[in-house]
Amino acid sequence: RIALVFFGLLGLALLVIGLRMIILNTTPSGMPDPAIIVNYDTAQPGESKPSNDDYSAYTVGAKEPRTIAIPSLKLYGLVQKVGLNKQNAIAVPTNVHFAGWYVGGVAPGEIGLSIINGHVSGRRSDGIFKNLANAKIGQEIVIEFGDKSIKKFSVMAIKIVPEKQAASVLFNQDGSIDRQLNLITCIGKFNDKTQTYDDRVIVEAKFIE
């Protein structure tokens, strides 16, 4: 009887862990699952920081973005695939240390507009885009792909807009730029009623090589 109780509790614990992994769209190690497109927001995204081994082991499709870096801001992180949530807005990554590539756009460096989002902070940890508002024109953004190829972008504009106006700015491509990358995160005052920040910072960049 004791054994039955033990295995019953063990099974329940494994079920809870499995459900949490499904909800957070992560693998057992807590890493983003490259086979899953995140299509809803997580109220409490994970805050465990990937190890160096995690970074090395993470694999995605050959032409999909794997990591993002802005060396001048000491920004570096893994890229997770995200889609639209129930509110028809771009879903956010499941961990504050991951960036989210919006699969409804093009891959970074392709003709068109590519979008990558990220958290500014979590409950206890800084987010991957904590310093995004400090970006400067001309700074370099580096995207590494699944095949380990690299594409570089140069920041051409930094815009801070109210949350309600963010989508119109985020999805707008500069007519003079054929390969554009937009980054976005939260900024400003946290609104307890809406459970989000009042403003957004959007960094617009152009492909250079």
Visitor: Would Ile208 and Leu75 show up in the same hydrophobic cluster when neighbours are defined by side-chain heavy atoms closer than 4.5 Å?
Guide: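 No, no single cluster joins them.
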Visitor: For Pro108 and Pro65, work out which heavy atoms get closest and say how close.
Guide: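 Smallest heavy-atom distance, with atoms named: CD-CG, 4.0 Å.
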Visitor: Are Val106 and Ile143 in one and the same hydrophobic cluster, where Ile, Leu, Val, Met, Phe, Trp and Tyr link if side-chain heavy atoms are under 4.5 Å apart?
Guide: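 Shared cluster, no.
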Visitor: Is there a side-chain contact between Ile128 and Thr185, using heavy atoms and a 4.5 Å cut-off?
Guide: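 No, every pair of side-chain atoms sits at 4.5 Å or beyond.
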Visitor: So, for Ala69 and Tyr76, which heavy atoms are closest and what is the spacing to 0.1 Å?
Guide: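 In this case the closest contact between Ala69 and Tyr76 is CB-CD1, 3.7 Å.
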Visitor: Measure from the side-chain N and O atoms of Gln139 to the backbone N and O of Ser72, and report whether any donor-acceptor pair falls under 3.5 Å.
Guide: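 A pair under 3.5 Å: no.
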Visitor: To the nearest 0.5 Å, what is the distance between CD on Glu140 and CG on Leu73?
Guide: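 Interatomic distance, Glu140 CD to Leu73 CG, rounded to 0.5 Å: 12.0 Å.
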Visitor: Phe171 versus Ile115: any side-chain heavy-atom pair under 4.5 Å?
Guide: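 Yes, side chains in contact.
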Visitor: May I have the step-by-step check of side-chain hydrogen bond (donor to acceptor under 3.5 Å, both in side chains) for Asp54 and Ser51, ending in yes or no?
Guide: CA-CA 5 Å; Asp54 290 332; Ser51 66; 3.2 Å; yes
Visitor: Would Val142 and Leu132 show up in the same hydrophobic cluster when neighbours are defined by side-chain heavy atoms closer than 4.5 Å?
Guide: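 Shared cluster, no.
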Visitor: Give me the atom names and distance for the closest heavy-atom approach of Ser48 to Asn95.
Guide: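 Minimum heavy-atom separation between Ser48 and Asn95: O-ND2, 3.0 Å.
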Visitor: Walk me through it: do Ile70 and Val155 pass the test side chain to side chain contact (heavy atoms under 4.5 Å, CB included)?
Guide: CA-CA 10 Å; Ile70 306 180; Val155 174; 5.9 Å; no
Visitor: I would like to know whether Phe153 and Ile68 meet side chain to side chain contact (heavy atoms under 4.5 Å, CB included); could you show each step before the answer?
Guide: CA-CA 11 Å; Phe153 301 79; Ile68 180 172; over 6 Å; no
Visitor: Please name the pair of heavy atoms, one in Tyr55 and one in Arg66, separated by the smallest distance, quoted to 0.1 Å.
Guide: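 So the minimum-distance heavy-atom pair works out to O-NH1, 2.6 Å.
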Visitor: Is the shortest heavy-atom distance from the side chain of Pro50 to the side chain of Phe98 under 4.5 Å?
Guide: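 Side-chain contact under 4.5 Å: yes.
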Visitor: Mind checking whether Val92 and Val82 sit in one hydrophobic cluster, side chains of I, L, V, M, F, W, Y counted as touching below 4.5 Å?
Guide: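 Unlinked, Val92 and Val82 end up in two clusters.
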Visitor: Just verifying a value: how many Å separate Gln80 CD and Glu64 CD, rounded to the nearest 0.5 Å?
Guide: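 Reported value, rounded in 0.5 Å steps: 12.0 Å.
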Visitor: How far apart are the C-alpha atoms of Val96 and Asp126, what are their side-chain angles, what is the distance that settles it, and do they pass the side chain to side chain contact (heavy atoms under 4.5 Å, CB included) test?
Guide: CA-CA 7 Å; Val96 299; Asp126 293 330; over 6 Å; no
Visitor: Judged by atom type as modelled, is there a donor-acceptor pair below 3.5 Å linking the side chain of Glu47 to the main-chain atoms of Arg123?
Guide: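 Confirmed, Glu47 side chain pairs with Arg123 backbone.
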Visitor: Rounded to the nearest 0.5 Å, what's the gap from CG on Leu113 to CG on Leu170? Could you check?
Guide: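 With rounding to 0.5 Å, CG (Leu113) is 7.0 Å from CG (Leu170).
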Visitor: Looking at Leu183, Asn182, Leu181, which hits side chain to side chain contact (heavy atoms under 4.5 Å, CB included) with Val203?
Guide: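 Testing each of Leu183, Asn182, Leu181 against Val203, the sole residue satisfying side chain to side chain contact (heavy atoms under 4.5 Å, CB included) is Leu183.
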Visitor: Would you indicate whether the side-chain heavy atoms of Ile177 and Met156 approach each other to under 4.5 Å?
Guide: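 Yes, side chains in contact.
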Visitor: Does Gln165 use its side chain to pair, donor to acceptor, with the backbone of Pro162 at less than 3.5 Å?
Guide: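 Here the side-chain-to-backbone pair does not exist.
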Visitor: Are the side chains of Asn117 and Pro93 in contact, using a 4.5 Å heavy-atom criterion?
Guide: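 The answer is yes, as the side chains (C-beta and beyond) meet within the 4.5 Å cut-off.
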Visitor: Would you mind reporting whether Leu84 and Tyr102 have side-chain heavy atoms less than 4.5 Å apart?
Guide: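 Tyr102 reaches Leu84 side chain to side chain.
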Visitor: Any chance you could measure Asp198, atom CG, to Lys164, atom NZ, to the nearest 0.5 Å?
Guide: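 If I round to the nearest 0.5 Å, the distance is 10.0 Å.
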Visitor: Which pair of heavy atoms, one from Ala166 and one from Ile202, lies closest together, and at what distance?
Guide: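 Minimum heavy-atom contact is O-CD1, 3.7 Å.
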Visitor: Using a strict cut-off of less than 4.0 Å between a Lys/Arg side-chain nitrogen and an Asp/Glu carboxylate oxygen, indicate whether Lys159 and Glu204 qualify as a salt bridge.
Guide: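 Between Glu204 and Lys159 there is a salt bridge, with a charged N closer than 4.0 Å to a carboxylate O.
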Visitor: Closest heavy-atom contact between Gly109 and Lys151?
Guide: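 Reported closest heavy-atom pair: CA-CD, 3.9 Å.
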Visitor: Distance from Tyr40 atom OH to Thr94 atom OG1, nearest 0.5 Å?
Guide: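 Tyr40 OH to Thr94 OG1: 9.0 Å, rounded to 0.5 Å.
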Visitor: Are Cys186 and Arg200 close enough that some pair of their side-chain heavy atoms sits under 4.5 Å apart?
Guide: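 They are in contact (side-chain heavy atoms under 4.5 Å apart), so the answer is yes.
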Visitor: Is any side-chain heavy atom of Ile36 less than 4.5 Å from a side-chain heavy atom of Lys81?
Guide: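 Of all side-chain heavy-atom pairs linking Lys81 with Ile36, none is under 4.5 Å.
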Visitor: Could you state whether Val60 and Ile150 fall into the same hydrophobic cluster, counting links through intermediate Ile, Leu, Val, Met, Phe, Trp or Tyr residues with side-chain heavy atoms under 4.5 angstrom apart?
Guide: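 No.
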